[in-house]
Amino acid sequence: MEELLIISPSPHITSGASTRKIMLDVIIALLPAVAASAVIFGLRSLLIIAVTVTVSVLSEYISRKVMKRDNTITDLSAVVTGILLALNLPVGINPLCAAFGAVTAIVVVKQMFGGIGNNFVNPALTARIVLLSSFPSQMTTWAQPFWYKSGSVDAVTCATPLALHNAGETVPVLDLFFGTTGGCMGETCAMAILIGFVYLLIRRVISPVIPLTYIGTVALMSLMFGQDFLFELLSGGLLLGAVFMATDYTTSPINTKGRVVFAVGCGVLTFLIRHFANLPEGVSFSIMIMNILVPLIERATAPRPFGEKESKNVTV
Amino acid sequence: MAEKTPLTKEFTKGIIKENPVLCLVLGTCPTLAVTTGVSSALGMGIAATAVLVCSNSVISALRKVIPAKVRIPAYITIIASFVTIVQMMIKAYAPALNDSLGVYLPLIVVNCIILGRAEMFASKNSIAASALDGLGMGIGFTAALFLMGSIREILGAGSWFGMNIPLLGQNPILIFILPPGGFFVFGMLMAIANRLNTNAERKARETACAACPMSESCNGPDDEKECVK
């Protein structure tokens, strides 16, 4: 990508923030979730993370080389994509399938559209959806927490809390909070994700608008429809999606008004898919749909330059 | 296209340079719909090629008789008769292919490659040139379909012409035989074809213009106004 000339009114103060520093912060914020997945689902989860990260970085390097562009692996964004993708996969997935997902994320979704800053949907999420439609049975086989302690070679499978809930069973809230339930590697442990969230907020890497509005919308919808809202919030990939995926800089709106619209849309879609569609979980699809709508949201919420009169024919 | 282009060029241009699917982006609907397997893709390609060659020749032969105002209905009638013949043949001799192509076989009538070639080429050129153009375009169409069908069947179903492929057979990447996978493969192939064409153009330009004194001011050998050659 060519160096962009930034034209903005003075004062020209730089905060010293760089892509690399932000990505490093995101990686640090993801570490609790990584650690939790290693504790709950065993060392195999670290293997999957290692595979996706390695393949992501390699495919970033190779595709930049092939397209004769500057190399960008040092900005660590491929590492973040790799970790996020792995955290969105079940622990029992074939490593080759995980590698295919990483290639899809980096080459198809990110580099073919121009690399970091130019992708129109979140790479890790899209890769997850591609994997879900490619390997439906593998992607919905969930290992039991602590399966590795039982000593058997094959992972014992179980259902996710959302599937149990749809079947009429209840899951203790504490299990959901500490993540000792079935699910994707990084999504089960709410505590670890919240630690990461707080870290990102303290470091001012993300603004709380999108995650809080997203989660709030789901909570409000569950209250309206008489669902257990604590359960809705802690189960499935909602927290992981709201904190790490929906806040992606490239694929979310830039101003607060737009962010609210975006997050409310994510929340409504998530709730609708969970309860009225034939999929148990809809976080990835709803964030992706809203990602695609971001250009329209940006147009509708663009701030009026100071002194300009409101034009009658607003182009939306 | 000047009138004096050699006949061989009319034939070869359809294969890569003006490939109907990958460069002219015509006939996208059958391309995406029937390429879930190689055999149906190949069958579609051959059927469309047969119709294209016949309709191009007949339309070219009748080009001075058909009044300009009603030319499109006339072309459609001619094309439809050939499609009917081809469809009856396939029904008689390859019923399985007929089943797998389904509605896309009669829909060859409105395939825009065929109508496009009739309108753009056969109505203005001699019979021989039109037949060769139809053959080249048909082969280009078939080749693109064959390529897409192969990629999608190998990756998405783990087989090729129904034969199982050892490693992929157990764990096929299903998305490739679903519509989104079709669009992925289509986009990639178009990108590759574009790349090949721009490379070839650049090369032709470099060799043709290297010795030309006007090379500074003209737009390459395609620029008819300025090219001295």
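Shown here is B:Met89, whose CE atom has no more than 12 heavy atoms of other residues, nucleotides or ligands within 6.0 Å. The neighbour count for B:Phe183 CZ, taken as heavy atoms of other residues, nucleotides or ligands under 6.0 Å away, does not exceed 12. By the 6.0 Å contact criterion, CZ on B:Phe11 is enclosed, its count of non-hydrogen atoms from other residues, nucleotides or ligands being greater than 12.
For a residue to count as touching a neighbouring chain, one of its non-hydrogen atoms must lie under 4.5 Å from one of that chain's; by this rule B:Ile173 touches chain A with backbone and side chain alike.
In this structure the side chain of A:Ser133 never reaches within 4.5 angstrom of the side chain of B:Leu174, judged on heavy atoms. Contact of the B:Ile175 side chain with the A:Phe135 side chain is not registered, since no non-hydrogen atoms from C-beta on lie closer than 4.5 Å.
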